[in-house]
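Presented below is the structure to which this report refers.
Values below: every heavy atom of this structure, side chains too, minus hydrogens, waters and symmetry copies. Residues: numbered from 1 along the sequence shown. Since the model is a prediction, treat every value here as computed from it, not as a measurement.
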Amino acid sequence: MADPTRARILLRVLDAPASPGAIADDLGLTRTNVSNHLACLRGCGILVALPQGRSTRYELADSHIGAALSDLFEVVLAVDTGHRCLRDAGARTGVHATCGCSRQGRSGDCGHDCGALRSRESA
């Protein structure tokens, strides 16, 4: 779901079930590209393929997925464009995810004033 094309396809299918050709036309993508992404989403259990005559229609595998996607799209994130995201690096290197230092106490807090960023992340 991190791929922007797959996200666009999910948004399209969230509106209404559709064939690969209709999705490709609506999103301005090639049918091959859409078919590859649909196979990925189907393999992950997010979409199901339903035969419809000589075509195949894709829809969400479960209505809960639609509700979860709708809720996710309503989330507004506060992004500090001046702060470099170290979250992934921290998981690999032991660097504190919020401020980037390597000093961590038992609670995972490094002791630096990271509260402003932490409060935005948890809001």
Inset, instruction - Please round to the nearest 0.5 Å and tell me the distance separating atom CG of L11 and atom OG of S70. - result: 9.0 Å
Inset, instruction - Taking all heavy atoms of A18 and all of I23, pick out the closest pair and write down the distance. - result: CB-CG1, 3.7 Å
Legend entry - Heavy-atom closest pair, residues A61 and G45: CB-O, 3.3 Å
Inset, instruction - Dump the intermediate steps for side-chain contact (heavy atoms from CB on, under 4.5 Å) on T56 and L38, then the final yes or no. - result: CA-CA 11 Å; T56 302; L38 288 171; over 6 Å; no
Inset, instruction - State, to 0.1 Å, how close L27 and R8 come at their nearest heavy-atom pair, and which atoms those are. - result: O-NH2, 2.7 Å
Inset, instruction - Supply the atom-to-atom distance E59 CD to I65 CD1, rounded to the nearest 0.5 angstrom. - result: 10.5 Å
Inset, instruction - Check the hydrophobic clustering (I, L, V, M, F, W, Y; side-chain heavy atoms under 4.5 Å; chains of links allowed) and say if L41 and L14 are grouped together. - result: yes
Legend entry - side-chain contact (heavy atoms from CB on, under 4.5 Å) evaluation trace for I46 with L10: CA-CA 9 Å; I46 297 171; L10 282 174; 3.6 Å; yes
Legend entry - Closest non-hydrogen atom pair, P17 against R12: O-NH1, 4.5 Å
Legend entry - Point-to-point distance, once rounded to the nearest 0.5 Å, from CG of D26 to OG of S19: 8.5 Å
Legend entry - I9 CD1 to H37 NE2 distance, which is reported to the nearest 0.5 Å: 5.5 Å
Inset, instruction - Please name the pair of heavy atoms, one in A24 and one in R31, separated by the smallest distance, quoted to 0.1 Å. - result: CB-CG, 3.9 Å
Inset, instruction - Please confirm whether the backbone N or O of A49 pairs with a side-chain atom of R42, one donor and one acceptor, at under 3.5 Å? - result: no
Inset, instruction - Just do the side-chain contact (heavy atoms from CB on, under 4.5 Å) check on L60 and L69 with the steps written out, would you? - result: CA-CA 10 Å; L60 296 173; L69 288 172; 4.3 Å; yes
Legend entry - Point-to-point distance, once rounded to the nearest 0.5 Å, from CG of D25 to OG1 of T30: 11.0 Å
